[in-house]
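One structure is given here, and the rest of the page talks about it.
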There are 2 protein chains.
Amino acid sequence: MPIQSPVWRSPITASDRVLLEIQRAIVEGDIPAGSKISEPELARRFNVSRAPLREALARLERCHLIERTPNAGARVVKLSPEGLLSLYQLREELEGLACRLAAENMPEHEVDELSALLDQHLNSQRVREGESYYQEEGDLDFHYRIILGSKNAYLINILCDELYFLVRMYRVQLGMNGPRVSRAFDEHKAIITAIANRDGELADLLMRRHIGASRKNIEIQLLQMRNEHDISN
Amino acid sequence: MPIQSPVWRSPITASDRVLLEIQRAIVEGDIPAGSKISEPELARRFNVSRAPLREALARLERCHLIERTPNAGARVVKLSPEGLLSLYQLREELEGLACRLAAENMPEHEVDELSALLDQHLNSQRVREGESYYQEEGDLDFHYRIILGSKNAYLINILCDELYFLVRMYRVQLGMNGPRVSRAFDEHKAIITAIANRDGELADLLMRRHIGASRKNIEIQLLQMRNEHDISN
DNA sequence: TCAAGGCAGATTGTCGACAATATGTAGCAA
DNA sequence: TTGCTACATATTGTCGACAATCTGCCTTGA
């Protein structure tokens with residue numbers, strides 16, 4: 001089940017439906033990265049005319065999943081190590097800020113809910129150890145809730161609507177699940193505790209460190225992949 | 001002359017042209033904040049059909065100048081003190097990051113050019129003192145160049161293409177030029193010096209302080225405006 | 001052989017019309 | 001009078017067709 005944007009309007013129009021389908025297809029690699037997008041073909045495939053399809057394409061460009069050139073059409077973005085690092089640099093800053101603001105603005109009940117959710121995940125995780133469920137769904141949910149708790153509309157929009165589809169795309173396609181599952185629990189717990197204590201500065205620092213650790217983890221994996229590739233050639 | 005996005009494709013299509021015109025109209029208050037947007041009316045006004053107009057509207061939504069609701073149409077955003085502060089909170093983080101990255105990635109010649117440009121502005125400014133030209137054009141140009149110097153595509157896109165039109169809109173419509181002109185010179189100079197010295201940490205700090213000072217300046221003006229309003233009633 | 005130019009096909013940009021949905025108004029019942 | 005319903009109007013969403021532009025291939029000439 002795909003995680004859909006929290007600031008999402010209930011999908012009513014044809015362009016909404018098509019957008020969701022193409023988003024999923026791109027994120028999961030069903031439409032390969034770097035491939036050209038043919039408007040007539042996609043329109044047939046989803047049984048709509050080109051008008052709502054182009055509306056959907058405009059929104060896909062907004063969340064950086066495709067790139068369009070006038071009179072030349074659209075291509076699915078190519079994933080690159082540099083792009084991934086750029087993305088994580090941004091996340092460090094933005095989610096750090098989100099934590100600081102959440103410590104000020106997140107309502108008490110939202111903090112409690114998130115805290116309870118973490119405990120719940122921890123228990124269900126201990127049962128079937130190793131399952132990478134948490135890293136996928138739970139991790140994103142955790143980050144989403146804190147971002148929403150910041151109550152900064154621009155920040156929420158940029159992170160949830162524009163950048164997080166890319167994060168998911170990188171995770172799925174590069175298989176960046178990582179062995180950090182158990183450590184992520186503790187880090188998440190520490191972050192929400194800081195927010196509960198209304199210690200914005202600490203929450204900020206912990207979140208930066210949390211994402212920074214992911215980034216370094218990714219850098220290591222990328223290095224390994226490159227080495228394997230070099231050896232095999 | 002409007003400052004156009006540095007990552008702009010040369011305006012070729014009708015939707016590009018319409019986008020630029022509506023952007024200007026909204027930023028300068030020609031189309032009032034909060035007003036409803038009628039597709040048929042705008043289409044007639046700019047002599048295009050609704051197809052390219054809707055394409056333009058999609059991009060206006062992207063840079064937060066309008067808000068759309070399915071089946072209900074689009075409205076120009078309403079400006080609010082909270083919105084302005086949210087925007088500046090974001091800018092502090094993002095442009096701080098931009099400075100840190102620019103210190104690493106900005107080519108030497110770009111640093112020199114920007115430094116020279118600052119001196120040039122300083123001289124022409126001293127001639128016609130008080131003119132708010134610098135604050136408008138020069139200031140934005142300065143920030144743009146540093147952002148571009150970061151070489152982080154996502155960061156550039158978010159700041160230059162999505163947030164800066166709003167910044168301009170707030171400045172124009174709330175008349176936030178401020179008396180900080182001369183001080184901004186010194187701050188800009190210090191920032192570019194830090195970047196030239198490849199001292200990312202310092203450049204980051206100085207930029208956050210620079211934008212933070214603007215934010216506080218704005219908060220004061222907002223307070224004054226409220227007081228005057230309260231008194232006059 | 002190779003480069004420049006042009007032609008054919010396909011793709012994107014734009015248009016006008018129709019269908020689906022929302023908004024405002026008048027009439028009716030409590 | 002107040003609140004609801006039904007209708008008329010206007011606006012948005014979608015469609016199919018045409019115009020403008022690009023891409024690849026072929027011809028042509030040096």
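Every chain is numbered from 1, with letters handed out A, B, ... down the list of sequences.
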* Would you classify Ile37(A) as touching base, sugar-phosphate or nothing, given that sugar-phosphate means primed atoms plus P, OP1 and OP2, and contacts are heavy atoms under 4.0 Å? => sugar-phosphate
* In terms of the nearest nucleotide of DNA chain D, which residue is placed more toward the 5' end: Asn71(A) or Asn47(A)? -> Asn47(A)
* To do: Could you check how far CG of Asp16(A) sits from P of dT21(C), rounded to whole Å?
  => 13 Å
* To do: Please tell me which of the listed nucleotides, dT12(D), dT14(D), dG13(C), lies nearest to the side chain of Ala51(A)?
  => dT14(D)
* From dC15(D), dG13(D), dT14(C), pick the nucleotide closest to the side chain of Val48(A)? -> dC15(D)
* Structure fact -> Rounded to whole Å, CZ of Phe46(B) lies from P of dT14(C) at a distance of 15 Å
* Nucleotide nearest Pro40(B) (side chain, heavy atoms from C-beta), chosen from dG13(C), dT12(C), dT12(D) -> dT12(D)
* **Nucleotide dG13(D), atom C1' - distance to CZ of Arg68(B) in whole Å** => 10 Å
* Asked: If each of Ala14(A) and Ala72(A) is mapped to the nucleotide of DNA chain D with the nearest heavy atom, which maps nearer the 5' terminus, i.e. the 5' end?
  -> Ala14(A)
* Just how far, in rounded Å, is C1' of dT11(C) from NZ of Lys36(A)? -> 7 Å
* Specify the separation, in whole Å, of atom CD of Glu55(B) and atom C1' of dT14(C). => 11 Å
* Structure fact -> Between CD1 of Ile12(B) and P of dG13(C) the distance, given in whole Å, is 10 Å
* **Glu39(B) CD - dT21(C) C1' separation (whole Å)** => 13 Å
* To do: Go through the steps to decide whether Tyr164(A) and Arg91(A) satisfy the test side chain to side chain donor-acceptor pair (under 3.5 Å), and finish with yes or no.
  => CA-CA 9 Å; Tyr164(A) 255 77; Arg91(A) 282 187 63 202; 2.9 Å; yes
* **NZ/NE/NH1/NH2 to OD/OE distance under 4.0 Å, Lys151(B) and Glu110(B)** => yes
* Asp161(A) with Arg62(B): basic N within carboxylate O range, under 4.0 Å -> no
* **Salt-bridge criterion met for Arg100(B) and Glu104(B) (N-O under 4.0 Å)** => no
* Do Glu39(A) and Arg50(A) meet the salt-bridge criterion of a basic N to acidic O distance under 4.0 Å? -> yes
* To do: Select one nucleotide: of dT14(D), dT12(C), dC15(C), the one nearest the side-chain heavy atoms of Ser49(B).
  => dC15(C)
* To do: Figure out the CG/C1' separation between Leu53(B) and dG16(C), and round it to whole Å.
  => 15 Å
* Per Arg54(B) side chain, nearest of listed nucleotides dG13(C), dC15(D), dG13(D) -> dG13(D)
